[in-house]
Amino acid sequence: MHVVGTAGHVDHGKSSLVRALTGTDPDRWLEERVRGMTLDLGFAHLRFPDGVEAGIVDVPGHERFLHNMLAGAAGMELLLLVVAANEGPAAQTLEHLAILGYLNVRRTIVVLSKIDLVDADERGLARALVADAIRGTVADGAPVIGVSTRSGEGMDELRAAIHAALVALPPRAPDAPPFLPIDRVFALAGHGTIVTGTLMQGRIATGDTLVLQPSGRDVRVRSLQVFGEKMERVAGGMRVAANLPGVDVAEIARGEVLAAPEFRAGATVRVRFRPLAEQRAALRRRTPVRAYFGSAELLGTLALDAPGTADGAGTLFLRAPAAVFPGQTFVVRRLSPKTLLGGGTVAGLDAAIDDAIEAPDAGAIRAALAAAGLQPKTAAELGAAANVRETRAAAILAELVANGGAVAVARPAGFVDAGALGVWLGRIEAFMRLRQHEYPWALGATSLAIAREAALAEPLVIRLLAGLADDGRIAQRQGYYATLDFTPALTPEQRAFFERYAAVDPQAPAVPAVALDVLVNAMKGAKIAGLSQAFDTLVATGALVKVGTDVYRGTQLAEIRARLEAVLRREGQITVSGFRDAIGSSRKYAVPLMEWFDASGVTLRNGDLRVLRAAAPEAR
Ligand SMILES: Nc1nc2c(ncn2[C@@H]2O[C@H](COP(=O)(O)OP(=O)(O)OP(=O)(O)O)[C@@H](O)[C@H]2O)c(=O)[nH]1
Ligand SMILES: [Mg+2]
């Protein structure tokens with residue numbers, strides 16, 4: 001048996017399709033039926049007259065419930081990508097596709113739903129948009145079948161396509177040790193605890209003794225069911241319900257795994273990681289993440305051996321142990337905003353790191369760190385407090401920084417307990433959000449404001465904030481600190497002010513938009529709140545650029561740079577007067593501009609001449 005999964009944007013007709021295919025409403029909860037929206041995973045049994053069958057996992061399309069979609073996504077082998085013909089591909093169509101590209105989908109059928117709502121022209125347009133959206137994804141080349149669950153049009157063709165795809169799917173590693181990520185836990189009167197999930201690999205038989213991971217608890221399988229039918233044995237790819245006597249419902253949660261005894265759980269996972277192309281440049285050596293393995297969502301830190309590569313090795317340091325197996329697929333999202341970063345496969349657990357952190361002297365260092373609270377301590381101080389040699393303390397602290405247990409701060413160097421810092425971060429995040437709401441045009445809150453709020457000395461606050469920014473937990477720009485999801489936005493009044501005072505003269509496009517002192521005086525006289533912070537924001541985002549005593553628009557400067565580079569590529573070198581003539585400005589402006597391009601790494605000065613720097617940075 002195999003698992004079919006739905007995916008696609010909210011309201012595009014996934015659950016209606018499952019109902020039409022199976023007669024089962026996958027929206028199990030009253031709230032889902034009342035709201036007409038899927039909140040959590042739904043399950044249904046698909047059967048064909050000739051005995052071919054499959055389990056269907058129906059996922060929510062709304063982005064708020066993406067964590068639930070992820071809990072069901074790893075089990076899917078045949079994907080039904082549902083796209084409403086009247087709307088075309090939308091945000092979660094693309095996001096789900098990106099996620100599933102990292103998991104175990106082997107075949108895809110694109111279901112163009114609600115075709116009763118569109119005419120022939122619109123159908124053609126929808127097909128063209130779908131073809132565009134799936135190019136280069138896991139659904140590339142998939143058949144596109146138009147259906148309506150209202151009129152029944154296309155349903156026979158879809159059933160036939162699903163049947164053919166199911167028959168062609170290869171079996172799911174039946175001889176590997178069993179591994180079943182749990183997606184539901186409930187109690188059945190007279191039976192006790194039942195767990196359900198997709199058996200990812202292997203076989204389970206009634207009476208087998210398995211282990212719940214990460215708790216490590218032994219359990220005996222009293223009975224097994226597949227869609228209400230009692231089975232003596234089940235195999236990879238089936239939707240399984242297992243009755244586990246002697247375990248309380250409250251002791252198990254979604255994300256736990258029912259697995260063979262040979263699986264270990266660990267918090268340090270070596271991985272092969274492929275970032276999403278658009279996230280590649282933004283990924284640093286260490287990024288706090290939410291990781292999704294099977295039905296589990298785990299907090300941790302992704303450390304890449306060589307950031308910036310398209311496919312490379314790395315380590316996931318999880319905050320709590322997880323059961324994983326080599327070859328298992330996973331995806332990671334950023335902590336906030338929760339954008340998809342990428343995914344990959346598990347290479348194995350790194351027990352050596354876990355053991356090092358579990359060692360008794362490491363425990364003593366952790367205790368000393370926790371006792372210090374927010375006060376950064378050096379390796380020597382912590383070693384003395386924990387009765388551990390300084391070199392050993394430094395080694396333990398390096399491991400703790402790597403696995404997210406400690407945060408390194410600078411000036412002077414020291415270490416802070418990640419737990420204490422996390423609690424403090426929660427408080428200052430609330431404060432930053434308040435500020436961001438109140439002053440949406442500013443880049444964030446200053447260290448002074450945060451220090452006042454936190455009732456801590458500003459120098460300490462600056463060290464802690466820099467440590468958090470380094471760890472990718474907050475954003476830091478030009479002395480302002482903000483939550484990661486914050487983008488400043490000027491008020492219409494502020495915007496109008498800068499449109500007026502920093503305007504480019506179309507007759508003299510290379511002349512500065514305004515002199516800095518003129519602008520500052522105008523800001524003082526304007527009686528518009530927040531102008532100086534708004535100016536900082538425009539400078540930080542590159543909309544305005546300070547060059548010497550003048551201010552240019554970012555677009556204006558990009559134009560000037562393009563002209564400069566064109567001349568340099570043609571002639572190899574340029575003088576200041578050559579540059580002045582090339583851009584049609586005056587010497588007064590050309591000199592500081594040339595110096596600015598030198599400082600920005602675009603040009604290299606050689607006496608009176610400038611040449612193009614070999615590896616000039618990309619234009620912003
Ligand atoms: N006209 C028409 N409406 C449809 C069709 N299929 C579904 N709908 C309607 O579209 C709306 C959304 O359908 P659902 O099946 O709940 O959509 P969904 O993709 O499961 O939504 P989420 O689970 O919340 O992401 C409902 O009002 C359905 O009645 C169809 O073939 N034709
Ligand atoms: Mg639904």
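Counting starts at 1 for both ligands and their atoms, in listed order. Both backbone and side-chain heavy atoms feed into the values below; hydrogens, waters and symmetry mates do not.
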Exercise. Is the shortest N/O to N/O distance between D27 and ligand 1 below 3.5 Å?
Worked result: no

Problem set entry | Backbone or side-chain N/O/S of S16 under 2.8 Å of the Mg ion (ligand 2) | no

For this session: Output yes when the distance from some N or O of ligand 1 to some N or O of I115 is under 3.5 Å, and no in every other case.
Result: no

For this session: Find all atoms of ligand 1 within a distance of less than 4.0 Å from any non-hydrogen atom belonging to S15, and give their numbers and elements.
Result: 15 (O), 18 (P), 20 (O), 23 (O)

For this session: Kindly confirm whether the Mg ion (ligand 2) is within less than 2.8 Å of some N/O/S atom in M37?
Result: no

For this session: May I ask you to decide if the ring planes of Y439 and W441 are parallel, tilted or perpendicular, using 30° and 60° as cut-offs?
Result: perpendicular

Problem set entry | T38-ligand 1 polar pair, N/O distance under 3.5 Å | yes

For this session: Just need the protein heavy atom nearest to atom 21 (O) of ligand 1, so name the residue and atom and give the distance.
Result: D11 N, 3.0 Å

Problem set entry | Nearest option to atom 5 (C) of ligand 1, as decided by whichever heavy atom of T149, D25, V59 sits closest | T149

Problem set entry | Nearest heavy-atom neighbours spanning L21 and R159 | CD2-CG, 3.9 Å

For this session: Just go through R150, K114, M155 and tell me whose heavy atom is the nearest to atom 10 (O) of ligand 1.
Result: K114

Seminar exercise, completed: Closest heavy-atom approach to atom 15 (O) of ligand 1 among A84, S16, G42, G36 is made by S16

Exercise. With a 4.0 Å cut-off, strictly under, does atom 12 (C) of ligand 1 pick up any protein heavy atom?
Worked result: yes

Exercise. Polar-atom distance check: G13 versus ligand 1, any N or O pair below 3.5 Å?
Worked result: yes

For this session: Would you check if the side chain of R285 reaches a backbone N or O of A303 as a donor-acceptor pair within less than 3.5 Å?
Result: no

Exercise. Heavy-atom distance under 4.5 Å between the side chains of I145 and V111, does that happen here?
Worked result: no

Problem set entry | Backbone or side-chain N or O of H12 under 3.5 Å from ligand 1 N or O | yes

For this session: Please could you name the atoms of ligand 1 that M37 approaches to less than 4.0 Å, counting only its heavy atoms?
Result: 24 (O)

Problem set entry | Location of contacts on V10 toward ligand 1, heavy atoms closer than 4.0 Å | both

For this session: Output the list of atoms in ligand 1 that are nearer than 4.0 Å to some heavy atom of L117, sorted by atom number.
Result: 1 (N)

